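Okay, so here's the structure we're looking at.
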Amino acid sequence: MGLLSKILRTGIVTEPLGAGDSEVVHLVREVDAEARRLFGRALGIREVDAGSCNGCEIEITGLMSPVYDSERFGFHFVASPRHADLLLVTGPVTRNMEVPLRKTYDATPDPKLVVAVGDCARTCGVFAGSYAVAGSVDSVIPVDVFVDGCPPEPAHILCGILTALQSGRA
Amino acid sequence: MSPWLLGPVQAALALLLAPGLVGAIRWMKARLQNRSGAPPWQPYLELRKLFAKEVVVSNNASWLFRAAPFIVFGSTVAVTLLVPLLAVPLPFDGAGDLLVVVYLLLLGTFFLALAGLDPGSPFGGMGASREMTVAALAEPTMALAIFALAWSAGSTNLGHIAARVLATPTEALAPGHVLAFAAIFVVTLAETGRLPVDNPATHLELTMIHEAMVLEYSGRYLALIEWAAALKLLVFFTLLGNLFAPWGIAAALTPGALLWAVLTLALKLLALGGVVALVETHIAKLRLFRVPELLSASFILALLAVTASFLLR
Amino acid sequence: MSPELVSQLSVGGSTLVLLAGLAMLWRRGVRAHIGAFTAQSVALAATTAMVGWFTGDWQLWAVAALLLLIKGVGIPILLERMARRFGTERELEPYVNTATSLLVGGLLVLLAYLVTARLVSVSQLPTRTGMPLAMGLVFVSLFVIISRKKALTQVLGFLMLENAVALLAVLGTHGIPIIVEIGVFLDVALGFIVMQVFVYQIHETFESIDVEQLNRLRE
Amino acid sequence: MRALFLLLIAGYASGAAAALALGTGALSRWASALGAIVGASAGLALAAGVCIRGAAFSLDAPGFFGPVGGMAFTLDPLGAVFLALTSLVAAPSALYGAGYARLWEGRPALRQVGFMLNVFLLTMSLVPLAGGTLTFLLVWEGMSLSSYFLVMTESDEPEVVSAGQWYLAMTQIGLACLLGSFLLLQSGGPGGFSALRAAALTLPPGTRDAVFALALIGFGSKAGLIPLHVWLPRAHPAAPSHVSALMSGAMIKMGIYGLLRVSLDLLGGGPAWWGGLVLALGAVSALLGVLYALMEHDLKSLLAYHSVENIGLITMGVGAGLLFGSLQMPAAATLALVAALYHTVNHAVFKGLLFLGAGAVLHATGMRDMNRLGGLIRGMPWTAALFLVGSAAISGLPPLNGFVSEWLLFQSLLPGIGAPSPLVAVLMVLSLGMLALTAGLCAACFVKAFGITFLAIPRSPEAAAAHEVSWSMRAGMVVLAVACLVLSIGAFEIVPRLSSFVAPLVGVAGPAPSFSVGLALQTPGGFARMSPALVAAGLALVVLTAWLAVKAFASRRPVRVGETWGCGRVVQTPRMEYTATAFAEPLRRIFAAVYRPSEDVSVDFHPDSRYFVQSISYHSAIVPWFERYLYAPVISRVRSWSERVLALQSGSAHAYLTYLVLALVLLLGWLVVTGQP
């Protein structure tokens, strides 16, 4: 019963989402109304690591922690792109990950969104010009929102996703 | 309300409550993990979204892949016609008993496993193989627990069992009943893919059993399968609730009694959901080859239940 | 208390006692075994008290209290200390894996039911219905002793056997006189102390309480 | 009735004659098949006539063999059920065989198969018709020999020859036991069954037990009960598919018929240990049958092991019936025997369908190994759908007939738990647990069999190039598939009729307990009610409404065909799929105590560097308990004895003459000593 009493003692630790600063989040493509209406309250996210150094991954796992708790917005992380509505892509697209990333994009049913997380996703960051990098994420698949930062805070990633949905709810 | 209308009303009610039950369990688990979590009605929104989404089907899949969701959903809904959700004089009680319920659920598992194999991905094959292994090992426990119940109630038809326990309240505390309840609870955790056997919230394909089979489904097919899985959980909870503690079930089909029956049913489902949430917060997933130990323990519980019902003959 | 309520309660009580025995077969950790033994002793004391209340015999109440005191509290504390000193690492791979030993346990209960069927039909006492399960526990505890490698687990097996016999006595004959009961407790305490010394010696010579090491003693 | 009987014999005889006379072309194929179909339909009509009228039909030809004895044919309702199921499987198999036989066109084998098939069907149909000992043993041996020749059609492959040897040895041992059993039974009067029934009452208990034991061994070896089942997984895959469908569907049921005829009809029931032994044998056969079936990845031997499993289920019903009969529980005994009979008919239908399906797969791809099949549903949609119906039926899934008889079996074991003696109650609980485990494992095995063979990506070029089989083969399978559904829906009509056949055997005076109320089946004492028709209708209705609702409310977007999701791997090859061995691997580890699996993996690396693997070969085998620990010692001892006896064959004529004289003298001496007239 030690666990139960610890649970009761700590109580709910989820913090309300602060107003994210706008220059980190760049909306690239206008999301059509039907997708926004659908995904407003229920969104399946498939995280794709296209060659990232895992800095962004650690922040993304922060999303599922009790403090940021992305589930309260109706987001839940899914195992297969077939179940997903939004691809959370991190890292520059390496040569090996170019085909798998495109296959993942094709495997996701429409309507679908793509949020590219981290500087590498937009400008290949420190890995720019490397022999192993095929290019930034938007050169492989169409991207809706970029979230800058190396790595971006979980709050910013959350704002990025919410911006993609234009719901912007706190 | 004519008795024949009770069947479809029960089915509709079950369809309505099932996603809510899964949502409530997720909400309780979230609260036990100290986070606010999604609201309990989140599964309804997910189903609405899935029904509107596009369907992507693998090029290896055959017609069976597209027919399986309807068979799985249909067989589970057919079970809700047999299970005493609201009232005891069931119109369809003569059509099927507890064995028919078990075999209808097996029909759903059979076609879901085939649909898992169809696209030809290794995950689907792995999920199908493990799901059928667990289902096969849970059968003997289910059979013995059914007969422990049926033996003390004088019939395997669910209406009779519930009516019998309703008539003699001390029957519910008989050791045979309590042991059968424990055995069926373990089988519920195994059959509906809850924690000790299979983790419903996992993302790692290699540890999945139920979800590995449905990785290939999307759009409305996935919605049907998710809804059928929630319905199966509701059916098992109703079996646990209304067969072992049938108080609150309407004896007459008056609106007042029915309303009271819906209320007590919801309460029972929440209570059982709470127990499952607590169990899932406290224990970790069993390795696949420790699952037979859990199922043989539940078989022993069922065996003792039958023996106990001998002794009190 | 009407007779059939007593028979129902006696079956319930002896089922709880038997379940604690089977939990010993199922779980592997030594600490879990001690917990199972404590629960068993408490259930046994409760059943004895129930029978005492039904027959109105004060001796049974005294026996129940004694049971609770010695086996419910005393021995588990000693066991806990032994477990802490001799290392509570999990039961190594027992001779029979858990799934098979559970199935064997189930078969033993059915065998017990067969063995005591005639006995049950002969006796008129309302508590006769619990006797097959008590006999089942006798077989299960014997199986625990032969199928487990840890000396500590075998000690628990012996204590469980003693519990089973006590339950059988209570259910079969509504309790034997208090003097005999006290004699039984004394020999249990004595046996337990001897075993404690024995386990201590094993630990000293082999640094583990794995009974299999004893095979090395033959020349 | 007499005309139908003669038509039956004439049909099969004409089919056999046509096969011999009309050469090896298409004409001979169709003529022999037509003859068989005429004979089968005559048999079905005869059986239906007897079933509906309930009265026995008998025809005696006393002087047929002169002084030795006559042929006596009687058909009582119990025999009629077995004649019906034989004919029900015979007609579609013959139709299927006509298409299947194109394989042997232009070769003498076609003549042999055509002739032997008709002789086999004739003798098998006459077994339930036999009314006397001589007739019964004659047609029984005819059935065994003709099926032996059918198994040996492709006798150029070594394993077919060894299968034939196993099969012949086991059938002759069975015949020897039957001879012993009937001789003991007939120790008094002439050969007619009615005379035997009278004689059996006067037999001392010791002889009755001996008769029962010998009959159990003889009929058990034909039925394939566990210790005597070794020939079944060898002979069935070796025989042509429509023949194995007939063997599995109908021939092994003759073992059950014989057991029922001897133990219930001739001996009129016996002590409780008879039923207990048969029930225990059935439970063990069922569980071990399905466990061994799980480890097979050859489609036809998998189905053969499932025949052992289903025979186990039927024998459990027979055993329970015998047990309740001896405990004076007539209603429960009738229910158990009805469950056994109904499962016999159902198994004949869906096992015949499955074997024909496996034959179609073999015919189209030339392979039986499931690990090299796969994706056949695209090339062979009809066969896949029909095999799916067979798989769902055998796994006991609701709308089909397997479910109804398995439900009846469950309900028939239940009253046993309330039996007065605790040993019976414990036996019932254990056999109930084993029955449920068997049902679960059977469903798992058929997900493997159907899924790996027909779904996903073809694992070999032959599987990819598979095409649908000819219409006649498909027609045969469609008839059986429809029969599966009809037998389930019509249960409320069939079960009361079966119980009226069986009740007199178990000593139920007056009207037999009818187990059906309106559309539902009801067990004695109103213990359980279930209506297969309502369940099937309800299921169909709900699935239809779900389909319509989804079509109406779900999104209008067209279905997009994409690639299977495999974590984005670049290419999707058949080697990444699950195979039959991989599918059954968790169960193999869980039941390792029964299988004792042995695995050896050999890896050979690339010559240049140890880090690159050239090929990995994985071989795993399970311990064949019965062959290694029961049959091998017996065979080796028999061989050693035969070596010793070989010494007698010294080669000199004089030695042989002396043996003759010696024997004569001994015989006369014995006569003098015992003073026999």
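So you know, we letter chains A, B, ... as the sequences are listed, proteins then strands, and number each from 1. What you are looking at is a predicted structure, and each value in this text was computed from that prediction instead of being measured.
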*Selection from A/T10, A/L8, A/V67 maximising heavy-atom pairs under 4.5 Å formed with chain B*: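 Option with the top pair count is A/T10.
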Given heavy-atom pairs under 4.5 angstrom as the criterion, report whether the side chain, backbone, both or neither of [X] touches chain A.
X	value
B/F123	neither
B/W27	neither
B/R31	both
B/E205	side chain
B/L278	side chain
B/L222	side chain
B/E216	both

From [X] atom [atom1] to [Y] atom [atom2], the distance as rounded to the nearest 0.5 Å:
X	Y	atom1	atom2	result
A/K112	B/K53	NZ	NZ	8.5 Å
B/T281	A/L4	OG1	CG	8.5 Å
A/E15	B/S36	CD	OG	11.0 Å
B/Q42	A/F73	CD	CZ	12.0 Å
B/Q33	A/M64	CD	CE	11.5 Å

Measuring heavy-atom distances to chain B, does [X] have an atom under 4.5 Å in its side chain, in its backbone, in both, or in neither?
X	result
A/R9	neither
A/D110	both
A/L43	backbone
A/I7	both
A/V78	backbone

*Heavy-atom distance under 4.5 Å between the side chains of B/P39 and A/R72, does that happen here?*
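Result no, sub-4.5 Å side-chain heavy-atom pair not found.
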*Report yes if the side chains of A/R82 and B/S58 come closer than 4.5 Å at any heavy-atom pair, otherwise no.*
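SC-SC contact between A/R82 and B/S58 confirmed.
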Return the minimal non-hydrogen interatomic distance between [X] and [Y], and the atom names on each side.
X	Y	value
A/D69	B/R35	OD1-NH1, 3.3 Å
A/A79	B/E211	CB-OE2, 4.2 Å
B/E54	A/P109	O-CB, 3.3 Å

*Test side chain to side chain contact (heavy atoms under 4.5 Å, CB included) on A/R41 and B/Y44 and set out the steps.*
CA-CA 10 Å; A/R41 309 297 302 283; B/Y44 295 103; over 6 Å; no
*Counting distance only, does the side-chain N/O of B/N34 pair as donor-acceptor with the main-chain N or O of A/I12 below 3.5 Å?*
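Flag not set: sc B/N34 to bb A/I12 has no pair under 3.5 Å.
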_When B/L45, B/V214, B/L215 are compared by non-hydrogen pairs under 4.5 Å with chain A, the top option_ =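 The answer is B/L215.
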